[in-house]
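All remarks here apply to the structure that follows.
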Amino acid sequence: MQQAQCALAEDEVPIGAVIVYKNQIIAKAHNQVEHLNDPTAHAEMIAITQAATFLGSKWIKDCTLYVTVEPCSMCAGALILSRITNVVFGADDPKTGAFGSRTDVNLLGLNHKIRIKKGLLKEECAALLKEFFRNKRKTVKRVN
């Protein structure tokens, strides 16, 4: 949630992620799509890169990603390729969620399957997103 708050403070979609290995946070990130002008700069993608660098490996096995919102298909694909063991997320994403809401990458028969736990701080994570988009809509209405 702290990383999501960082994103919110930077006027980014408030999504935050941390990766834990052996009870130690080895990566933490928030969305930076707007700041970097990079559609791939999702919190999960940045955290995967940090974790791989920390571990000195392209695979981040035996790690758990905690993220405020269900990962999209891009992030889910990267998580599969990284061989992460677990993903724990807060709010469902009915528009782009790739672990059960819109699609489920674990059902595609790929070469790796991720253990999923959903709903951690679900209400808080969802409320942060709703507030962000409500404020965005107000800003757009005032400009028009």
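When a residue number appears, it is its place in the shown sequence, counting from 1. Every heavy atom of this structure was used, including side-chain atoms; hydrogens, water molecules and symmetry mates were not.
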Go through the steps for Lys58 and Ser82 under the test side chain to side chain contact (heavy atoms under 4.5 Å, CB included), then give the verdict.
-> CA-CA 6 Å; Lys58 65 182 177 183; Ser82 75; over 6 Å; no
Could you give me the CA-CA distance, side-chain angles and deciding distance for Thr85 and Ile114, then say whether side chain to side chain contact (heavy atoms under 4.5 Å, CB included) is met?
-> CA-CA 5 Å; Thr85 304; Ile114 300 170; over 6 Å; no
Just do the side chain to side chain contact (heavy atoms under 4.5 Å, CB included) check on Thr96 and Ser73 with the steps written out, would you?
-> CA-CA 7 Å; Thr96 65; Ser73 57; over 6 Å; no
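Within the 4.5 Å cutoff, no side-chain heavy atoms of Val13 are placed close to those of Val69. With contacts defined as side-chain heavy-atom distances shorter than 4.5 Å, the pair Met1/Leu121 qualifies. Between Thr68 and Leu128 the shortest side-chain heavy-atom distance does not fall below 4.5 Å. For the pair Ile25/Phe54, no side-chain contact is recorded, criterion being any heavy-atom separation below 4.5 Å from C-beta on. When side chains are defined from C-beta on, Gln32 counts as touching Ile46, because their heavy atoms get closer than 4.5 Å. The closest side-chain heavy-atom distance from Gln5 to Pro14 is not below 4.5 Å. The shortest distance between side-chain heavy atoms of Val87 and Thr64 does not fall below 4.5 Å. Using a 4.5 Å heavy-atom threshold, the side chains of Pro71 and Phe89 count as touching.
No donor-acceptor pair under 3.5 Å is formed between the side chain of Asn31 and the backbone N or O of Val33. At least one donor-acceptor pair under 3.5 Å links the side chain of Thr49 to the backbone N or O of Met45. When atom types are taken as modelled, the side chain of Glu12 and the backbone of His35 share a donor-acceptor pair closer than 3.5 angstrom. In this structure a side-chain-to-backbone donor-acceptor pair under 3.5 Å is missing from Glu44 to Val67.
A continuous path of hydrophobic side-chain contacts links Phe133 to Ile15 [ILVMFWY only; heavy atoms under 4.5 Å]. The cluster map of Ile, Leu, Val, Met, Phe, Trp and Tyr, joined by side-chain heavy atoms under 4.5 Å apart, puts Leu79 and Trp59 in different clusters. The hydrophobic cluster containing Met74 does not contain Phe99, counting ILVMFWY residues as joined when their side-chain heavy atoms lie under 4.5 angstrom apart, directly or transitively. Cluster membership check: Leu81 does not share its hydrophobic cluster with Ile19, using side-chain heavy-atom separations under 4.5 Å among Ile, Leu, Val, Met, Phe, Trp and Tyr.
Considering every non-hydrogen atom in both Cys125 and Gly90, the closest pair reads SG-CA, 4.0 Å. What you find for Ala29 and Ala43 is that their closest heavy atoms are CB-O, 3.5 Å. Nearest heavy-atom pair across Asn106 and Lys113 is O-CE, 3.0 Å. Shown here for Leu110 and Val105, the closest heavy-atom pair between the two residues is CD1-O, 4.2 Å. Nearest heavy-atom pair across Glu70 and Asp93 is OE1-N, 3.0 Å. The two atoms that bring Ala126 and Ala91 nearest to each other are N-CB, 3.8 Å, heavy atoms only.
For the atom pair CD1 of Ile80 and CG of Leu108, the computed distance is 7.5 Å after rounding to the nearest 0.5 Å.
Counting non-hydrogen atoms of neighbouring residues, nucleotides and ligands closer than 6.0 angstrom, the CZ atom of Arg83 exceeds 12 such neighbours.
Annotation: salt bridge (Lys or Arg N to Asp or Glu O under 4.0 Å) contacts involving residues 119-128, sequence neighbours excluded, comprise Asp92-Lys122.
No side-chain donor from either of Gln2 and His30 sits under 3.5 Å from a side-chain acceptor of the other.
Between Ile26 and the choices Leu55, Val20, Ile60, the side-chain contact (heavy atoms from CB on, under 4.5 Å) rule is met once, by Leu55.
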